[in-house]
2 protein chains.
Amino acid sequence: MLDALGDRTRRSILELLREGPVTVGELAARLPVSRPAVSQHLRVLQESGLVAHETVGTRNFYRVDSRGLTVLRDWLDDFWGTALESFAAFADKESSDGTAD
Amino acid sequence: MLDALGDRTRRSILELLREGPVTVGELAARLPVSRPAVSQHLRVLQESGLVAHETVGTRNFYRVDSRGLTVLRDWLDDFWGTALESFAAFADKESSDGTAD
DNA sequence: ACGAACCGTAAGTTACCACTTACCGTTGGC
DNA sequence: GCCAACGGTAAGTGGTAACTTACGGTTCGT
């Protein structure tokens with residue numbers, strides 16, 4: 001999931017898909033890499049649930065998949081909550097210990 | 001930012017830091033990598049604003065930095081919003097075109 | 001039915017990055 | 001002051017993944 005977002009080109013692909021479905025060739029035309037490279041990236045993004053594709057004739061339209069975004073959002077919310085909790089506990093311990101300057 | 005999260009070890013470090021500040025040696029002891037490797041990862045995480053450190057004597061305590069999480073959350077919210085918009089527009093176009101089956 | 005367009009896959013190369021060992025500076029304890 | 005503990009940095013290595021070219025399969029147009 002987050003591994004898929006760890007690549008610049010893949011993030012660029014997602015940015016291009018933000019505005020709606022785009023074909024593979026169109027993506028390759030707007031990116032500084034070859035079309036097969038785009039296909040490979042799309043495969044990774046799809047396996048992560050971040051994009052979905054829809055075949056129309058010979059063309060393949062890719063779009064953002066909200067499922068992947070949901071997983072990402074849930075992970076972030078969970079992490080955020082725990083981090084704030086521990087920070088609050090840490091601050092409490094600090095003040096109760098009188099170690100705060 | 002997202003590059004920093006694209007690595008398994010770095011995500012493990014963040015998981016360990018969720019519960020509060022931890023020293024470098026402690027992190028290395030709980031991870032299957034050497035201490036210098038941890039230092040290098042912490043450098044990347046810090047440059048991304050995801051962690052912050054606080055030196056106490058010879059020990060260096062690292063903790064989660066909420067600034068980085070905020071940036072990540074904002075990015076995700078922005079992306080999420082646009083994706084939903086474009087999806088709604090796409091659905092509208094579909095139905096008005098009568099292309100919906 | 002034939003050619004063109006569109007795309008996915010395979011094989012191979014290259015570049016990058018995660019990791020290690022070795023080294024050095026800083027701080028605390030005795 | 002000296003030794004030990006802690007941690008950051010440098011240099012070098014290995015593995016992985018991002019990219020290329022080449023190929024094959026499928027669909028549409030004529």
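Not measured: the values here are computed from a predicted model.
- Within the structure, a side-chain polar atom (N or O) of B:S34 is placed less than 4.0 Å from OP1 or OP2 of C:dT20.
- Looking at which nucleotide of DNA chain C each of B:P36 and B:V44 is closest to, the 5′-most match is held by B:V44.
- Comparing atom distances between the B:H41 side chain and each of C:dT9, D:dG7, C:dC19 picks out C:dC19 as nearest.
- As rounded to whole Å, 16 Å separates atom P of C:dT26 from atom NE2 of B:H53.
- More than 12 heavy-atom neighbours from other residues, nucleotides or ligands sit within 6.0 angstrom of CZ on B:R73.
- Rounded to whole angstrom, the span from the CG atom of A:L42 across to the C1' atom of D:dC19 amounts to 15 Å.
- Annotation: of the two residues near DNA chain D, A:T9 and A:V56, the 5′-most nearest-nucleotide partner is A:T9.
- Rounding to whole angstrom units, CZ of residue B:R43 and C1' of D:dT9 are separated by 8 Å.
- Proximity of B:T58 to the phosphate of D:dC6: no side-chain N or O atom is located under 4.0 Å from OP1 or OP2.
- If you check every strand for non-hydrogen atoms under 4.0 Å, A:T23 touches sugar and phosphate atoms only.
- Distance, B:R8 CZ to C:dA18 P: 13 Å, rounded to whole Å.
- Side chains of A:F61 and A:V56 form a contact here, defined as non-hydrogen atoms less than 4.5 Å apart.
- Going from atom CD1 of B:I13 over to atom C1' of D:dG7 covers 14 Å, rounded to whole Å.
- Judged by distance alone with a 3.5 Å cut-off, a donor-acceptor contact links the side chain of B:R35 to the base of D:dG8.
- Following rounding to the nearest Å, A:D7 (CG) and D:dT16 (P) show an atom-to-atom distance of 17 Å.
- A 6.0 Å sphere centred on CD of A:E19 holds no more than 12 heavy atoms belonging to other residues, nucleotides or ligands.
- When the C1' atom of D:dG8 is taken as reference, atom CG of B:L27 falls 14 Å away, rounded to whole Å.
- Applying the 4.0 Å criterion to OP1 and OP2 of C:dC6, one finds that A:N60 has every side-chain N and O outside that range.
- Checking each of A:V38, A:V64, A:V44 against A:I13 for a side chain to side chain contact (heavy atoms under 4.5 Å, CB included) leaves exactly one that passes, namely A:V38.
- Under 4.0 angstrom from either OP1 or OP2 of C:dG28 there lies no side-chain N or O belonging to B:R59.
- The CZ-P distance, from B:F61 to C:dT27, rounds to 16 Å in whole Å.
- Looking at heavy-atom distances under 4.0 Å, B:R10 makes contact with sugar-phosphate atoms alone, never a base.
- As judged by a 4.0 angstrom heavy-atom cut-off over every strand, B:Y62 is placed among residues touching the sugar-phosphate backbone only.
- B:T82 and A:R18 share a donor-acceptor pair across their side chains, judged by distance under 3.5 Å alone.
- The side chain of B:V24 lies closest to D:dG8 when the candidates are D:dG8, C:dC7, C:dT20.
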